[in-house]
Amino acid sequence: MTQAADYTIRLIRALLQEQPVPPIPEGISLGELFDFSKSHSVEALVFRGLAAPGSYSADPVWAQWEQRSNQLLAQSIVQLQERDDIIRNLTDAGIDLMPVKGCWLKELYPELSDRQMSDLDMLIHPADTPSAEAVLLGMGFRKDEVCFHHTTYIKPPYTALELHTCLLPDTDAHGAYYESVWDRAVPVEGTPRLYRLTPEDEYLYYLVHLHMHMTEGGSGLRSILDHTIYSRCFPDLNAAYLETELETLGLSEFARQVRALSRCWFETGAPVPGAIEPLARAVCTAGTYGTLETRTHNRMARLRQKRRNPVTRFFAYSLPRFFRPLSEMKRRYPVLEKAPLLLPVFWVVRMVSMMLHNEKSFWQHLGLVFREGGRHG
């Protein structure tokens, strides 16, 4: 763990426990600390901790950091206003809606801007997609990116909405567990058509979502901090239910490690046990959203256990990602509703679009696939 990571964790722990924030140790510049906290989406929280002693204002980085923190506060205010407007407009239109992840978790943090969100995540029934889109376009959103389990809508300056039709992509090992997620939904009193998961099921989804990111590209400090905040706000979760469901999901050991890391980092300050040091290192090096390199490496590592031949491994990795089924391609290319025989044409259209509009990431990804696919072991 780097000095910047260690100090950031100690600072956040002091804030949560309402203790004096330790001074920045020798050997860490304010710029290094800013870059690290920004890469983990905790820069507003760290700035709040550093602002208490107020002894860093002479550093030129301080003005930049202060501006960034003010921007994040404005973003938080706008996001929550837009969240409430979206909920009101969609539910008034008769659309069942389930906001998830940061939509609710953000309000559990001590200060409004402590928990940053890149976007709002909400779940609807697939059949409600056209009606929901009409409402959102009427609110001033524009349709941005169509993925296979969500569509992104943008409203400047700060709001991005990921409108999900299922909670996990079909490539995730736990996708089947959430196929009937609406059966677990609980109506929110006072707002017809608005639903939430129970605190236990929200916690389970947090762990499942974190596991998805950790086994793909990685996830940063904010994810572990979320666990600490959630545990403080809901100390009486049904332990027996959680144990049963985690066993069903195959995540009992992962959950144990996340709990232990959360306690060491943000509660007790105890040294991280050797058994969970790999998780701690992975979190510290990943940043908020992980990396393409880590994602490709992890996927290929799993495939190497099943397919020894590099050629078959390459196709096993690539084919499901390039040649999506008709049911999903219809969401991206609505013309396929009337002309399904054009599916092969739109496979090519999608691939060309990826090459042209995401040129750097496409070719970088392809290079990583070839490099990782050729490894043995």
Side-chain angles (χ1 to χ4, degrees), residues 90 95-96 98 119 121-137 141-154 160-182 209 212-213 215-217 292 295-296 298-300 302-304 306-307 309-370 372-373:
L90 290 183
I95 297 169
D96 290 341
M98 188 193 302
D119 49 47
D121 291 273
M122 301 188 184
L123 179 71
I124 61 171
H125 297 291
D128 287 330
T129 300
S131 300
E133 180 166 299
V135 171
L136 293 169
L137 296 179
F141 283 85
R142 63 174 174 83
K143 191 174 184 178
D144 184 53
E145 182 182 15
V146 180
C147 297
F148 294 112
H149 70 297
H150 71 260
T151 300
T152 302
Y153 297 88
I154 302 293
L161 167 67
E162 285 191 359
L163 195 64
H164 295 252
T165 52
C166 56
L167 286 183
L168 293 172
D170 62 355
T171 53
D172 188 87
H174 301 108
Y177 182 86
Y178 286 102
E179 284 180 351
S180 57
V181 67
W182 285 101
H209 190 260
M212 178 185 71
H213 281 290
T215 54
E216 291 286 318
L292 178 61
R295 186 178 304 115
T296 307
N298 288 343
R299 288 173 176 174
M300 277 299 184
R302 291 194 293 272
L303 280 174
R304 277 196 294 273
K306 302 176 182 178
R307 293 176 170 83
N309 186 291
V311 176
T312 59
R313 195 156 57 232
F314 172 80
F315 283 105
Y317 182 97
S318 304
L319 291 180
R321 288 167 174 81
F322 289 130
F323 303 102
R324 305 299 296 174
L326 176 62
S327 59
E328 295 184 0
M329 289 291 286
K330 286 178 181 177
R331 295 190 61 236
R332 186 180 288 263
Y333 305 104
V335 68
L336 291 173
E337 291 280 2
K338 296 182 178 179
L341 292 178
L342 292 178
L343 177 60
V345 174
F346 282 94
W347 279 336
V348 176
V349 169
R350 176 172 174 256
M351 191 178 303
V352 171
S353 176
M354 292 166 65
M355 294 168 65
L356 294 178
H357 300 296
N358 300 287
E359 183 177 355
K360 181 178 179 181
S361 62
F362 176 84
W363 294 110
Q364 180 189 11
H365 194 180
L366 192 62
L368 289 167
V369 171
F370 276 111
E372 292 289 340

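Positions are given from 1, in the same order as the sequence printed here. Nothing here was measured: the structure is a model prediction, and the numbers come from that model.
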Only pairs under 3.5 Å count here: list side-chain donor-acceptor contacts from residues 173-181, not counting sequence neighbours, and write none if there are none.
residue : atom : partner : partner atom : Å
His174  : NE2  : Leu249  : O            : 2.8
Tyr177  : OH   : Arg184  : NH1          : 3.2
Tyr177  : OH   : Arg184  : NH2          : 3.1
Tyr177  : OH   : Glu245  : OE1          : 2.5
Tyr178  : OH   : Tyr205  : N            : 3.4

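For Trp347, the ring pair (Phe, Tyr, Trp, His ring centres under 6.0 Å) partners at least two apart in sequence or on another chain are Phe323.
Sorted by first and then second residue, the salt bridge (Lys or Arg N to Asp or Glu O under 4.0 Å) pairs involving residues 123-135 (not counting sequence neighbours) are Glu133-Lys143.
In this structure, Met122 CE and Met98 CE are separated by 12.5 Å, a value rounded to the nearest 0.5 Å. Atom NE2 of His213 sits about 9.5 Å away from atom CG of Asp172, to the nearest 0.5 Å. Taken to the nearest 0.5 Å, the NE2 atom of His150 stands 8.0 Å off from the CG atom of Asp121. Taking OG1 of Thr165 as the reference point, atom NE2 of His125 lies at 11.5 Å (rounded to 0.5 Å).
Minimum interatomic distance between Val335 and Phe346 (heavy atoms only, all atoms of both residues): CG1-CZ, 3.3 Å. Here the closest heavy-atom approach between residue Leu326 and residue Pro340 is recorded as CD2-CB, 3.8 Å. Residues Ile95 and Ile124 come closest through the heavy atom pair CG2-CG2, 4.0 Å. Nearest heavy-atom pair across Leu137 and Phe141 is CD2-O, 3.3 Å. When all heavy atoms of Asp119 and Glu162 are compared, the pair lying nearest together is OD2-OE2, 3.3 Å. Taking both residues in full, the closest heavy atoms of Arg324 and Met329 are given as O-CG, 3.5 Å, listed atom of the first, atom of the second, then distance.
Side-chain atoms of Leu163 and Leu136, non-hydrogen and from C-beta on, do get closer than 4.5 Å to each other.
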